[in-house]
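Structure first, commentary second.
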Amino acid sequence: MKKEKGLLLVLSGPAGVGKGTVCGALRQENTSIQYSVSATTRSPREGEQDGVNYFFKTREQFEKMIEHDQLLEWAEYVGNYYGTPIEYVRETLDSGQDIILEIEVQGALKVRERFPEGVFIFLMPPSLAELEAELLDVVQKQKI
Ligand SMILES: Nc1nc2c(ncn2[C@@H]2O[C@H](COP(=O)(O)OP(=O)(O)O)[C@@H](O)[C@H]2O)c(=O)[nH]1
Ligand SMILES: Nc1ncnc2c1ncn2[C@@H]1O[C@H](COP(=O)(O)OP(=O)(O)O)[C@@H](O)[C@H]1O
């Protein structure tokens with residue numbers, strides 16, 4: 001019998017809304033959901049590992065990935081490229097496992113064009129004022 005394809009889940013929303021927190025909580029649950037590791041041209045932060053948090057690339061390497069159609073979607077965000085390597089997503093779905101992407105909004109819209117059968121989750125802040133306060137807090141902590 002043919003195996004059912006896995007489910008593509010996309011978690012998106014504005015910066016600081018809590019996407020990372022939701023994904024982190026999901027990981028604690030030890031579900032069988034797989035997590036897509038994105039490629040990015042931003043520098044690794046302290047404690048981040050190549051291949052675990054992101055695949056860290058130069059702009060030239062990233063542009064080659066775009067050229068060779070190796071990304072399901074990509075976007076430029078705050079001066080850096082971010083993109084989802086397509087092969088792992090395909091393999092995972094073909095093997096019948098579910099996969100989640102945690103990506104910003106432009107990327108999520110592109111995924112929706114290619115995979116309309118996916119499940120798209122858009123996280124909203126309780127209010128714009130709370131989002132603004134949260135972002136100011138993040139900026140102060142990271143001294144962006
Ligand atoms: N379009 C797209 N966005 C991504 C991808 N990977 C991460 N992002 C998003 O890029 C934004 C910045 O991520 P990051 O630099 O790790 O900072 P932080 O998540 O705000 O701490 C976040 O909104 C991520 O969800 C990707 O593969 N594609
Ligand atoms: N439900 C929530 N209520 C209040 N603060 C939250 C909530 N979820 C996450 N946070 C806080 O908001 C900040 C941004 O969360 P994060 O998950 O990094 O957002 P994103 O990945 O969308 O940028 C963190 O300091 C986190 O602790």
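In this chain, residues are counted from 1 in sequence order. Keep in mind the model is a prediction, meaning the values are calculated, not measured.
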Under 3.5 Å: donor-acceptor pair, side chain of Ser36, backbone of Ile100: no
Any residue meeting salt bridge (Lys or Arg N to Asp or Glu O under 4.0 Å) with Glu63, in chain and number order, not counting sequence neighbours: none
Exceeds 12 heavy-atom contacts within 6.0 angstrom, atom CZ of Arg112: no
Passing option when Ile99 is tested against Leu93, Ile33, Leu9, Val10 for side-chain contact (heavy atoms from CB on, under 4.5 Å): Leu93
Reference residue Thr84; test side chain to side chain donor-acceptor pair (under 3.5 Å); the match among Gln70, Glu73, Lys110: Glu73
CG on Asp98 to CD on Glu4, rounded to 0.5 Å: 10.5 Å
ILVMFWY cluster, Leu72 and Tyr88 together (side-chain gap under 4.5 Å): yes
Salt bridge (charged side-chain N to carboxylate O under 4.0 Å, His left out) partners of residues 113-139, not counting sequence neighbours, each pair once: Asp137-Lys141
Gln49: partners by side-chain contact (heavy atoms from CB on, under 4.5 Å), with sequence neighbours left out: Val52, Asn53
Residue pairs passing the salt bridge (charged side-chain N to carboxylate O under 4.0 Å, His left out) test where at least one lies in residues 15-39, sequence neighbours excluded: none
Salt bridge (Lys or Arg N to Asp or Glu O under 4.0 Å) partners for Asp94, two or more places apart: Lys5
Thr41 (side chain) donor-acceptor with Tyr81 (main chain) under 3.5 angstrom: yes
side-chain contact (heavy atoms from CB on, under 4.5 Å) partners of Thr58, counting only residues at least two apart: Glu60, Gln61
Any donor-acceptor N or O pair under 3.5 Å, side chains Gln97, Thr92: no
Least distance between heavy atoms, Ala75 atom then Gly107 atom: CB-N, 4.4 Å
Transitive ILVMFWY side-chain link Leu8 to Val37, under 4.5 Å: no
Pairs involving residues 74-89, ordered by first then second residue, that meet salt bridge (charged side-chain N to carboxylate O under 4.0 Å, His left out) (sequence neighbours left out): Arg59-Glu76
Same cluster (ILVMFWY, side-chain, under 4.5 Å), Tyr35 and Val22: yes
Partner residues of Arg45 under the salt bridge (Lys or Arg N to Asp or Glu O under 4.0 Å) criterion, sequence neighbours left out: none
Partner set under salt bridge (Lys or Arg N to Asp or Glu O under 4.0 Å) for Glu91, not counting sequence neighbours: none
Contacts of Ala39 that satisfy side-chain contact (heavy atoms from CB on, under 4.5 Å) - sequence neighbours left out: Phe55, Lys57, Phe62, Met65
Cluster companions of Phe56 among Ile, Leu, Val, Met, Phe, Trp, Tyr (side-chain spacing under 4.5 Å): Tyr54, Tyr77, Val78, Tyr82
Residues which pass side-chain contact (heavy atoms from CB on, under 4.5 Å) with Pro14, listed by chain and number, not counting sequence neighbours: Val17, Phe122, Pro125, Leu131
Leu11 and its side-chain contact (heavy atoms from CB on, under 4.5 Å) partner, picked from Ile103, Leu101, Leu123: Leu123
From Leu109 atom CG to Glu104 atom CD, the distance as rounded to the nearest 0.5 Å: 8.5 Å
Cluster overlap Ile86 with Phe115, hydrophobic side-chain contacts below 4.5 Å: yes
